[in-house]
Novice: 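Let me give you the structure first, and then I'll get to my questions.
For reference, positions follow the sequence shown, starting with 1. Treat the numbers as computed from the prediction; the structure is a model and nothing was measured.
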Amino acid sequence: LRNKIKNTDVELYNSPQVQRYVDDQFFAFTRGKVFVATSNIGSGQSMTRTITYHPYSDGIRLVNQLNSNDTVTVKSGQFQVYIQNGLPKVYYPSSELQPDHNSTVTLNNFSNF
């Protein structure tokens, strides 16, 4: 996953990490064009957060790089992130992905990251 985005987004390592949303159960940030959402909820739980502080323009479609079927589109300056079973999201603008970068990564062991 790191190489997949790194090869597409040179800004990833040169950009500051910017906090985009935080509460007792949810934390989201961007680094370059990458939007990461994490939570401390566990299996069997879900949550939705509306993100209004982000760097994306209306109409931008973000693709979760951990599951390419999970996409969100920025509309009226916002988008929603749905977290299920505590799984993180790593969104990236679809317009920035190279055709061979539309595959996803299966997470079996988070310790590899």
Side-chain angles (χ1 to χ4, degrees):
L1 175 64
R2 180 180 61 175
N3 288 336
K4 184 163 115 173
I5 294 175
K6 182 178 92 170
N7 292 336
T8 303
D9 188 357
V10 184
E11 297 176 28
L12 181 62
Y13 295 104
N14 298 327
S15 297
Q17 179 174 309
V18 179
Q19 180 176 301
R20 298 299 178 171
Y21 191 110
V22 66
D23 64 30
D24 289 344
Q25 295 183 312
F26 183 88
F27 179 71
F29 66 91
T30 55
R31 189 168 189 125
K33 296 175 187 119
V34 178
F35 180 93
V36 177
T38 63
S39 76
N40 62 3
I41 64 171
S43 181
Q45 298 181 32
S46 63
M47 66 171 53
T48 302
R49 297 295 187 266
T50 300
I51 308 301
T52 58
Y53 177 52
H54 58 80
Y56 311 111
S57 302
D58 278 357
I60 295 293
R61 186 172 71 99
L62 302 171
V63 179
N64 181 0
Q65 297 304 292
L66 305 177
N67 174 0
S68 63
N69 293 320
D70 176 9
T71 65
V72 295
T73 301
V74 179
K75 184 176 180 182
S76 300
Q78 63 186 20
F79 60 94
Q80 290 193 331
V81 174
Y82 175 70
I83 301 275
Q84 185 172 14
N85 295 320
L87 294 175
K89 307 286 180 145
V90 180
Y91 286 113
Y92 198 76
S94 63
S95 60
E96 300 288 330
L97 292 170
Q98 300 299 321
D100 60 346
H101 288 158
N102 285 322
S103 61
T104 61
V105 175
T106 301
L107 292 182
N108 294 322
N109 184 349
F110 286 103
S111 65
N112 290 334
F113 288 93

Novice: Roughly how far, to the nearest 0.5 Å, is OH of Y56 from CG of L62?
Specialist: 5.5 Å
Novice: So, taking the atom named CD in Q78 and the one named CG in D58, what distance separates them when rounded to the nearest 0.5 Å?
Specialist: 9.0 Å
Novice: Are L87 and L66 close enough that some pair of their side-chain heavy atoms sits under 4.5 Å apart?
Specialist: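 Result no, sub-4.5 Å side-chain heavy-atom pair not found.
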Novice: Return the CG to CG distance between N69 and N64, rounded to the nearest 0.5 Å.
Specialist: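 Here the interatomic distance stands at 9.5 Å.
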Novice: Just to verify, what does R49 make a salt bridge (Lys or Arg N to Asp or Glu O under 4.0 Å) with, not counting sequence neighbours?
Specialist: D23
Novice: What about H54 and F79, are their ring centers closer than 6.0 Å?
Specialist: yes
Novice: Could you tell me whether D24 atom CG has more than 12 heavy atoms of other residues or ligands within 6.0 Å of it?
Specialist: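 12 or below, so no.
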Novice: Side chain of R61, backbone of S95: donor and acceptor closer than 3.5 Å?
Specialist: no
Novice: I51 vs F26, test: side chain to side chain contact (heavy atoms under 4.5 Å, CB included). Steps then yes/no.
Specialist: CA-CA 11 Å; I51 308 301; F26 183 88; 4.0 Å; yes
Novice: With side chains defined as the heavy atoms from C-beta onward, is the minimum distance between P55 and T30 less than 4.5 Å?
Specialist: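 Counting from C-beta outward, P55 and T30 do come under 4.5 Å.
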Novice: List the residues meeting side chain to side chain contact (heavy atoms under 4.5 Å, CB included) with S76, not counting sequence neighbours, and say none if there are none.
Specialist: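 Here no residue qualifies.
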Novice: Say you draw a straight line from CD1 of I41 to CG of N85; how long is it, rounded to the nearest 0.5 Å?
Specialist: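 Output value for this atom pair is 7.5 Å.
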Novice: Enter the distance from N14:CG to R31:CZ here, rounded to the nearest 0.5 Å.
Specialist: 8.5 Å
Novice: According to salt bridge (Lys or Arg N to Asp or Glu O under 4.0 Å), does anything in residues 80-95 pair up with another residue at least two apart or in another chain? List the pairs.
Specialist: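 The answer is D70-K89.
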Novice: Once you round to the nearest 0.5 Å, how far does CG of N40 lie from CD of Q45?
Specialist: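 These two atoms lie 8.5 Å from each other.
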Novice: Taking the side chain as everything from C-beta on, heavy atoms only, tell me whether Y53 gets closer than 4.5 Å to V18.
Specialist: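 The answer is yes, as the side chains (C-beta and beyond) meet within the 4.5 Å cut-off.
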Novice: Closer than 3.5 angstrom, by distance alone: can the side chain of Q65 be matched with the main-chain N or O of V63 as a donor-acceptor pair?
Specialist: yes
Novice: Would you check if Y21 and V81 make a side-chain contact, meaning some heavy-atom pair closer than 4.5 Å?
Specialist: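 Answer no - side chains too far apart.
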Novice: Parallel, tilted or perpendicular: which one describes the rings of F29 and F27, with boundaries at 30° and 60°?
Specialist: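 Tilted, since the angle between the ring planes falls between 30° and 60°.
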